[in-house]
Amino acid sequence: PEMIEKTPFEVVRKSDREVVFSGIIEKGKGDFSRFNPETQEEFIIAANGQESFPFRIGPNWLERVTYRHMVDFMIGGRHYVGNVSEI
């Protein structure tokens, strides 16, 4: 958000540092919504000598990487309800 207007940015594949998408920052935002990778590789945004944290993009990505943890939490938080044998 602090980048100067019209600063170029690049989406870089982390593994080989190849630029796979580029654009211009406008109104504090670098729009890369047209970038639609078909892989599970990690990418980095680079602009004006600064870089983002590595990230991945894909259909239902949030659900794919968090679902197992959510289920485990529910199992751990509710496992005493209705499944303890009466002695």
Side-chain angles (χ1 to χ4, degrees):
E2 297 177 2
M3 289 284 171
I4 298 169
E5 190 75 5
K6 305 292 181 193
T7 299
F9 73 90
E10 299 173 330
V11 178
V12 179
R13 187 174 26 239
K14 183 181 174 193
S15 62
D16 61 5
R17 305 297 293 182
E18 181 180 344
V19 175
V20 293
F21 186 87
S22 61
I24 303 289
I25 295 175
E26 298 181 38
K27 298 181 183 174
K29 299 175 187 172
D31 181 6
F32 58 98
S33 59
R34 291 185 326 235
F35 176 58
N36 187 24
E38 300 284 327
T39 69
Q40 294 186 20
E41 295 181 87
E42 289 188 311
F43 300 95
I44 296 170
I45 304 292
N48 200 23
Q50 297 183 39
E51 292 187 346
S52 70
F53 290 103
F55 62 92
R56 293 181 175 147
I57 299 174
N60 306 311
W61 191 260
L62 185 61
E63 289 83 359
R64 287 171 35 199
V65 300
T66 61
Y67 188 76
R68 179 76 256 163
H69 297 293
M70 291 186 290
V71 170
D72 289 345
F73 173 79
M74 287 298 293
I75 290 169
R78 299 183 66 182
H79 77 281
Y80 287 114
V81 179
N83 65 354
V84 177
S85 298
E86 297 282 334
I87 299 180

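For clarity, every value in this text was computed on a predicted model and none was experimentally measured.
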Sorted by chain and residue number, the side-chain hydrogen bond (donor to acceptor under 3.5 Å, both in side chains) partners of Arg13 (sequence neighbours excluded) come out as Asp16, Glu18
Taking atom CD1 of Ile45 and atom CZ of Phe55, what is their separation to the nearest 0.5 Å?
-> 4.0 Å
Stepwise side-chain contact (heavy atoms from CB on, under 4.5 Å) check, Glu41 with Arg56 | CA-CA 6 Å; Glu41 295 181 87; Arg56 293 181 175 147; over 6 Å; no
Taking Glu10 for the side chain and Gly23 for the main chain, is one N or O donor matched with an acceptor at less than 3.5 Å?
-> no
Would you call Ile57 and Phe32 a side-chain contact if the rule is heavy atoms closer than 4.5 Å?
-> yes
Atom of Ala46, atom of Val12 and distance for their closest heavy-atom approach = CB-CG2, 4.3 Å
Applying ring pair (Phe, Tyr, Trp, His ring centres under 6.0 Å), run through Phe21 and Phe43 and close with a yes or a no.
-> CA-CA 10 Å; Phe21 186 87; Phe43 300 95; over 10 Å; no
Under the side-chain hydrogen bond (donor to acceptor under 3.5 Å, both in side chains) test, which residues partner Arg34, sequence neighbours left out?
-> none
Evaluate the salt bridge (charged side-chain N to carboxylate O under 4.0 Å, His left out) criterion for residues Glu51 and Arg17: first the C-alpha distance (whole Å), next the side-chain angles of each, then the deciding distance (0.1 Å), finally the verdict.
-> CA-CA 12 Å; Glu51 292 187 346; Arg17 305 297 293 182; 2.3 Å; yes
Identify the two heavy atoms, one from Ile25 and one from Ala47, that lie closest to each other, and give their separation to 0.1 Å.
-> CD1-CB, 4.2 Å
Spacing of Phe9 atom CZ and Asp31 atom CG [to the nearest 0.5 Å] = 6.5 Å
Value rounded to 0.5 Å, distance of CE in Met3 from NZ in Lys29 = 16.0 Å
